[in-house]
Amino acid sequence: MPLQFYNSLTRQKEVFEPLNAPYVGMYVCGPTVSGESHLGHARPFITFDVVYRYLLHKGYKVRYVRNITDAGHFEEEGKAAEDKISSKAVLEKLEPMELVQKYTHLYHWAMEQFNNLPPSIEPTATGHIVEQIEMIKTIIADGYGYVANGSVYFDVVKYNDDYSKKNQPYGILSGRNLEDQLDTTRELDNQEEKKNKVDFALWKNAPAEHIMRWQSPWGEGFPGWHIECSAMATKYLGKRFDIHGGGMDLQFPHHECEIAQSTVCNHEIPARYWLHNNMITINGRKMGKSYNNVIKLSELFDGSHPILTQAYAPMTVRFFILQSQYRGTLDFSNEALQASEKALRRLMEAYEWFKAQSFTAGTIASDATLDAQLNTWVAELETFMDDDMNTAKVVANLFEIIPSINSLKDKHIAADAVSGNTWLHVQQQLTLFIENILGLKIDTGANHQQLTGVIELLIEIRKDAKSRKDFATSDKIRNQLADMGIQLKDEKDGSMSYTFS
RNA sequence: GGUCCUGUGGCCGAGUGGCUAGGCAGAGCUCUGCAAAAGCUUCCACAGCGGUUCGAAUCCGCUCGGGACCUCCA
C-alpha cells in the first residue's frame with residue numbers, strides 16, 4: 001500500500017505523491033514565542049516530527065520548514081489579563097526581543113527533550129519583514145489589498161467573488177461559506193477601517209506604544225497575523241509545495257488566509273496536502289489560555305502543576321501522544337499518562353535487551369507459526385504508517401511482539417523457535433520503527449558513571465548476601481534502593497538489573 | 001445563531017459490515033527465598049431507540065450527551 005495522508009483540503013485520504021520527487025517540501029506552523037509552550041503545543045511538533053522522520057525513511061529528501069513567530073503583540077506572559085494601559089508599562093520595562101529570546105530557548109529545549117529532529121530551516125517572522133512587505137505590495141497591486149489609515153487589509157469579498165469562479169472560494173479549506181461569516185464575525189478593533197468585517201490585516205499601523213515596528217510604504221507598523229507564513233513558505237519551499245501542517249485550530253482563519261494570500265501572489269494554492277492534528281483535551285476540554293487549563297511543558301516535566309500527581313518524562317509524553325492517531329482528540333489525565341509511562345518502560349526494556357542479542361542468519365525455525373506471526377506483525381508496521389500515520393496501530397503491534405522477546409529472554413521459548421533471519425529482521429525493524437520513526441529513545445535515567453558504579457557494587461554485595469541466604473541484607477539493599485527510585489530485579493539467570501523510576 | 005466533529009469496557013485508545021486491536025488497572029496461575037519483572041489465562045464494551053442487511057461498534061434516521069471552529073490560539 002502506498003503512503004496516504006488525510007488531506008483536510010479535499011477531506012479524504014489521498015496517496016502521497018510529491019510534486020517533484022524525491023524532493024518534498026513541508027511547512028509546519030511553529031510557536032509564537034511570547035510564552036512558554038504547553039502540552040497542547042507538543043502534539044503538532046511531535047506529530048509532524050514523525051511525519052518528517054517517516055518521509056525520510058521513505059527515501060525522500062525533505063526540506064522541513066517550521067517558523068518561529070516573534071512579531072506581533074508581545075506582552076509578558078501572565079500579564080495579558082491586565083488592561084492595555086498597564087501592559088503598556090510592561091512593554092516599557094521589557095524589550096520584546098528579550099521575551100522572544102527567552103521563550104525561543106525554552107522552546108528549543110523542549111523540542112530537544114521530546115527528541116524532535118530540528119527542522120531544515122527555522123525562519124523567524126522578524127527576519128522576513130522585507131519578504132512580507134513585498135508580498136503585501138503584490139496583493140495591493142493585484143487589487144486584493146487596500147490601505148486604510150496606515151494599515152493594509154485583504155479584501156476577502158473581492159477575492160471570494162473572483163476566485164469562486166475558479167472553484168477556489170474563500171473558505172475552501174475550512175468548508176465555510178462567506179455569507180455565514182458576514183453575519184457572525186465579532187467586532188474587532190478598527191473594524192470601521194475595513195470594507196467588510198471578514199477582511200483581515202496584512203499590515204497594521206503601529207500605535208505609539210507599540211515597540212515592535214518597522215518602516216513600510218504605508219508607514220511604521222508590523223505585519224498581520226497570517227502573512228509571515230505565506231512569505232516564508234514561498235521563500236523556502238516555492239510557490240507550490242507538498243505538505244502544510246499545523247493544529248486543527250489553525251485551519252480557520254490562519255490557513256485559510258494563507259491560502260488566499262498565496263493564491264493571489266502565486267496563482268495557486270500553496271500546498272497540495274494540508275495535514276491537521278487534533279487537540280489535546282483535559283477533562284474533555286481543549287487546553288488553552290481561555291479555559292485556564294494550560295499545563296506548561298516545564299511543569300509537566302517536573303510535576304509542578306497542581307493537576308499533576310507526578311512528573312512525566314518527555315518520552316512518556318511523546319509515547320502518550322503516539323498511542324493515538326493524530327487526527328483524533330486525545331484526552332489527558334494522570335491515569336492515562338501513568339499507563340503510558342508503564343507501557344513505555346515495558347516496551348523499552350524488552351527492546352533494549354533484544355537489541356543487544358546476536359543471532360545467526362540461516363538457522364531454521366522450529367516453530368513455523370510463531371516465525372510467520374512475527375514476520376506478519378513486523379510487516380504490518382509500515383502498512384499502518386502508510387495509512388495516514390496510524391501510530392496507534394504501530395504501537396499496538398509492537399506490543400504484540402514484546403511477549404515473544406520476553407519469552408526468549410526468560411527462555412520460555414527456545415532461540416531456535418524462530419529463524420535467525422527472522423530474529424535479525426525483527427531487530428532491525430524494531431530499531432527502525434521505535435528509534436528512527438517514532439523517535440523514542442531509551443531513557444537511561446541517571447546516566448552518571450559514578451552512580452552506575454555504586455549500583456554495580458551494591459548488586460555485587462547483594463549477590464553475595466543472597467548466595468549466603470542472608471536475605472535480610474539482600475532485602476535491605478533492594479528496599480532502600482527502591483525508596484530512592486532505583487528498582488532492582490532478579491533475572492532468571494541469576495543476574496540483577498536495575499531501572500530508575 | 002452558523003459550520004463541523006464526536007459518544008467504544010474502570011481509564012486512555014484502535015477499529016467505516018462478518019475475524020481477540022493494544023496499553024494501564026482488576027482476577028487467577030507459573031516462575032521466585034520473598035518481591036518486582038516476565039509469561040500464560042481471564043473479567044469488563046461499542047450512549048439510547050428505531051431502520052437497512054443473512055449479518056452493524058461500523059451504514060441511515062431520531063433522541064440524549066460531549067467537543068471544536070466562527071476571535072490570538074497547536
Side-chain angles (χ1 to χ4, degrees), chain A residues 11 28-32 34-35 37-48 69 72-73 80 171 174-177 179-189 198 200 225 245-254 256 276-281 283-291 294 319-320 323-325 327-347 349-350 384 390-400 402-413 466 469-471 474-475 478-479 482 487-492 496-497 499:
Chain A
R11 294 175 189 78
V28 174
C29 292
T32 301
S34 61
S37 298
H38 60 71
L39 174 59
H41 297 111
R43 197 172 195 192
F45 301 139
I46 289 170
T47 298
F48 291 104
T69 299
H73 276 294
S174 53
R176 47 192 86 219
N177 67 66
E179 290 74 45
D180 295 338
Q181 294 172 61
L182 288 169
D183 297 335
T184 59
T185 305
R186 209 181 62 174
E187 290 295 324
L188 291 170
D189 289 346
V198 287
F200 58 90
W225 304 310
M248 234 167 218
D249 50 351
L250 293 182
Q251 198 174 48
F252 190 92
H254 184 59
E256 202 71 71
H276 291 100
N277 64 276
N278 215 317
M279 303 291 102
I280 288 182
T281 57
N283 295 323
R285 269 246 140 82
K286 173 186 160 182
M287 191 170 290
K289 275 183 191 168
S290 43
Y291 296 122
V294 167
F319 183 72
F320 170 66
Q323 267 183 302
S324 69
Q325 208 272 351
R327 282 195 296 115
T329 54
L330 172 59
D331 201 47
F332 168 90
S333 67
N334 281 290
E335 218 177 347
L337 262 287
Q338 282 159 10
S340 292
E341 182 179 82
K342 288 185 185 173
L344 178 63
R345 182 176 300 166
R346 187 153 84 93
L347 171 67
E349 279 181 25
F384 294 152
N390 199 329
T391 52
K393 290 184 92 168
V394 169
V395 170
N397 259 39
L398 294 176
F399 278 97
E400 298 283 8
I402 286 178
S404 298
I405 291 175
N406 284 328
S407 294
L408 178 69
K409 181 184 179 186
D410 291 346
K411 300 189 165 49
H412 291 148
I413 60 172
K466 267 187 75 173
K469 298 204 184 301
D470 175 6
F471 296 123
S474 165
D475 288 352
R478 187 176 65 199
N479 294 339
Q487 277 77 44
L488 286 192
K489 286 188 285 188
D490 296 337
E491 299 293 347
K492 289 277 193 292
M496 295 176 197
S497 64
T499 52

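Note on naming: letters A, B, ... go to the chains in the order of the sequence lines (proteins, then strands), and numbering restarts at 1 for each one. Everything numeric in this text was worked out from a predicted model, so none of it was measured.
With centres under 5.5 Å and a plane angle under 30° as the test, the ring of A:F399 is not stacked against the base of B:rG23.
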Is there any protein nitrogen or oxygen under 3.5 Å from a nitrogen or oxygen in nucleotides 11-14 of chain B, and what are the pairs?
unit_1 : atom_1 : unit_2 : atom_2 : d
B:rG13 : OP1    : A:T329 : O      : 3.4
B:rG13 : OP1    : A:D331 : N      : 2.7
B:rA14 : OP1    : A:Q325 : N      : 2.9
B:rA14 : O3'    : A:N390 : ND2    : 3.3

Between N or O atoms, less than 3.5 Å apart, protein on one side and nucleotides 25-29 of chain B on the other: list the pairs.
unit_1 : atom_1 : unit_2 : atom_2 : d
B:rA25 : OP1    : A:K342 : NZ     : 3.2

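A:S174 pairs in a side chain to side chain donor-acceptor pair (under 3.5 Å) with only one of the listed residues (A:E256, A:H254, A:Q251), which is A:E256.
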Notebook entry, point to check: In the 5'-to-3' direction, what one-character label does each nucleotide of nucleotides 36-41 of chain B receive under the scheme B = base within less than 4.0 Å of a protein heavy atom, S = sugar-phosphate only, - = no such atom?
Noted result: BBSSS-
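Taking A:D470 as the reference, A:R468 meet the salt bridge (charged side-chain N to carboxylate O under 4.0 Å, His left out) condition, with sequence neighbours excluded. With sequence neighbours left out, A:D331 forms a salt bridge (charged side-chain N to carboxylate O under 4.0 Å, His left out) with no residue at all. Partners of A:K342 according to the salt bridge (charged side-chain N to carboxylate O under 4.0 Å, His left out) rule, which considers only residues two or more places apart in sequence or in another chain, do not exist here.
Checking the phosphate oxygens (OP1, OP2) of B:rG67, a side-chain nitrogen or oxygen of A:R285 falls inside 4.0 Å. Remark: A:R345 is not in phosphate contact with B:rC24, judged by side-chain N or O atoms under 4.0 Å from OP1 or OP2.
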Notebook entry, point to check: Would A:R478 and A:D490 satisfy side-chain contact (heavy atoms from CB on, under 4.5 Å), going step by step from the backbone distance to the final call?
Noted result: CA-CA 10 Å; A:R478 187 176 65 199; A:D490 296 337; 4.1 Å; yes
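Within the 4.0 angstrom heavy-atom criterion, no nucleotide atom of any strand lies near A:G288. Among the atoms of the strands shown, none is found under 4.0 Å from any heavy atom of A:N397. Within 4.0 Å of A:Q251, counting heavy atoms only, lies no atom of the nucleic acid at all.
Both distances falling under 3.5 Å, in either a Watson-Crick or a G-U wobble arrangement, place B:rU42 opposite B:rG26. Using the Watson-Crick or G-U wobble rule with both distances under 3.5 Å, B:rA56 pairs with nothing in any strand shown.
A:S497 contributes no side-chain N or O that, together with a main-chain N or O of A:L488, makes up a donor-acceptor pair within less than 3.5 Å.
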